[in-house]
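To start, the structure itself, in structure tokens.
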Amino acid sequence: LFTQLFVCVVLGIVNVLLTTPLWVVNTRLKLQGAKFRNEDIVPTNYKGVADAFHQIIRDEGISALWNGTFPSLLLVFNPAIQFMFYEGLKRKILKRQLQLSSLDAFVIGAIAKAIATTLTYPMQTVQSILRFGRHHLNPENRRLGSLKNVIYLLRQRIKRFGLVGLYKGLEAKLLQTVLTAALMFLVYEKITAATFTVMGLKRSLRN
């Protein structure tokens with residue numbers, strides 16, 4: 001299990017480093033034209049994906065394409081937390097019964113994802129802010145993905161909105177991710193059980 005988690009974390013890190021520039025551009029294009037109450041945010045004017053890449057590199061330097069990398073790397077542990085809680089809950093259920101039902105897999109999958117999302121959501125909020133990037137924050141430190149600025153943004157968020165501000169939009173995020181994860185674990189257990197059946201082994205999930 002720990003070997004699988006380690007491999008997943010390493011692959012997640014590689015994925016973050018390769019795809020963060022695309023996420024930065026995607027986030028800015030989605031938020032372009034939106035009205036913000038935060039005076040620190042600077043409006044953008046991109047004509048498309050290529051123009052966004054060009055303007056970001058020209059005005060902010062190529063390193064700006066990796067804004068938000070630090071929180072993104074921390075968020076790699078989200079699925080690790082999810083699987084850890086899932087396996088823990090699964091073991092507890094299997095101590096009381098011989099088989100894991102479809103409902104069991106669905107419910108504990110949803111619970112595990114809800115816990116992982118709630119624990120890491122503040123970092124997801126900071127990640128989105130850093131990816132947008134066009135704001136006047138911490139001018140003495142231009143590395144927007146640094147630990148210093150992550151802590152700074154978290155403090156600013158708490159100062160302006162209180163602790164609740166770290167979890168704005170959490171309800172929508174939970175609705176988006178929890179159901180998906182619950183169905184994923186259900187399908188995972190079904191496929192595992194079917195594989196064991198084909199191999200002549202005892203099924204671990206009943207219909």
Taking atom CZ of Arg58 as the centre, does the number of heavy atoms from other residues, nucleotides or ligands within less than 6.0 Å exceed 12?
-> yes

Grab the two heavy atoms, one from Leu73 and one from Val16, that are nearest each other, plus how far apart they are.
-> CD2-CG1, 3.9 Å

Check: Gln55 main-chain N/O paired with Glu60 side-chain donor or acceptor under 3.5 Å = no

Rounded to the nearest 0.5 Å, how far apart are CE of Met184 and CD of Glu189?
-> 10.0 Å

Can you tell me how far the CG atom of Asn67 sits from the OG1 atom of Thr69, to the nearest 0.5 Å?
-> 7.5 Å

Taken to the nearest 0.5 Å, the spacing of Thr177 OG1 from Leu174 CG works out to 5.5 Å

Under the side chain to side chain contact (heavy atoms under 4.5 Å, CB included) rule, what do Val126 and Phe70 come out as? Steps first, then yes or no, please.
-> CA-CA 10 Å; Val126 171; Phe70 184 77; over 6 Å; no

I would like to know whether Thr118 and Tyr167 meet side chain to side chain contact (heavy atoms under 4.5 Å, CB included); could you show each step before the answer?
-> CA-CA 8 Å; Thr118 301; Tyr167 291 92; 4.1 Å; yes

Checking Trp66 side chain against Leu17 main chain: does a donor-acceptor pair fall under 3.5 Å?
-> yes

Just by modelled atom types, is the Trp23 backbone N or O under 3.5 Å from a matching donor or acceptor in the Asn26 side chain?
-> no

Test log, rule side chain to side chain contact (heavy atoms under 4.5 Å, CB included), inputs Leu179 and Phe106 | CA-CA 9 Å; Leu179 181 59; Phe106 185 89; 3.8 Å; yes

Thr120 vs Phe77 side-chain heavy atoms within contact, under 4.5 Å | no

Distance-minimising heavy-atom pair for Gln97 and Leu100 = NE2-CA, 4.2 Å

hydrophobic_cluster_shared for Leu18 and Leu65, side chain cutoff 4.5 Å = no

Nearest-0.5 Å distance, CD1 of residue Ile158 to CG of residue Leu153 = 11.0 Å

How are the rings of Tyr86 and Phe185 set relative to one another: parallel (under 30°), tilted (30 to 60°) or perpendicular (over 60°)?
-> parallel

Side chains of Phe85 and Ile108: does their closest heavy-atom pair fall under 4.5 Å?
-> no

Same cluster (ILVMFWY, side-chain, under 4.5 Å), Ile111 and Leu175 = no

How far apart are the closest heavy atoms of Ala116 and Asn78, and which atoms are they?
-> O-ND2, 3.4 Å

At their closest point, which heavy atom of Asp104 faces which heavy atom of Gln99, and how far apart are they?
-> OD2-O, 4.4 Å

Separation of Ile191 CD1 from Thr195 OG1 (nearest 0.5 Å) = 7.0 Å

What one should report as the nearest heavy-atom pair of Gly48 and Leu29 is O-CD2, 4.1 Å

Could Lys173 and Tyr121 be counted as a cation-pi pair, given that NZ or CZ must be under 6.0 Å from the ring centre and within 45° of the axis?
-> no

Look at the side chain of Arg157 and the backbone N and O of Leu166, then say whether any donor-acceptor pair between them is shorter than 3.5 Å.
-> no

Minimum heavy-atom distance between Gln127 and Pro71, given as atom pair plus value | CA-CG, 4.0 Å

State, yes or no, whether a side-chain contact exists between Met123 and Val150 at a heavy-atom distance under 4.5 Å.
-> yes

Tell me, do Gln124 and Leu75 make a side-chain contact under 4.5 Å, heavy atoms counted?
-> yes

Mind checking whether Val164 and Leu170 sit in one hydrophobic cluster, side chains of I, L, V, M, F, W, Y counted as touching below 4.5 Å?
-> no

Rounded to the nearest 0.5 Å, what's the gap from CZ on Arg96 to CG on Leu94? Could you check?
-> 9.5 Å

Taking the side chain as every heavy atom from C-beta outward, state whether Val49 and Leu22 have any pair of such atoms under 4.5 Å apart.
-> no

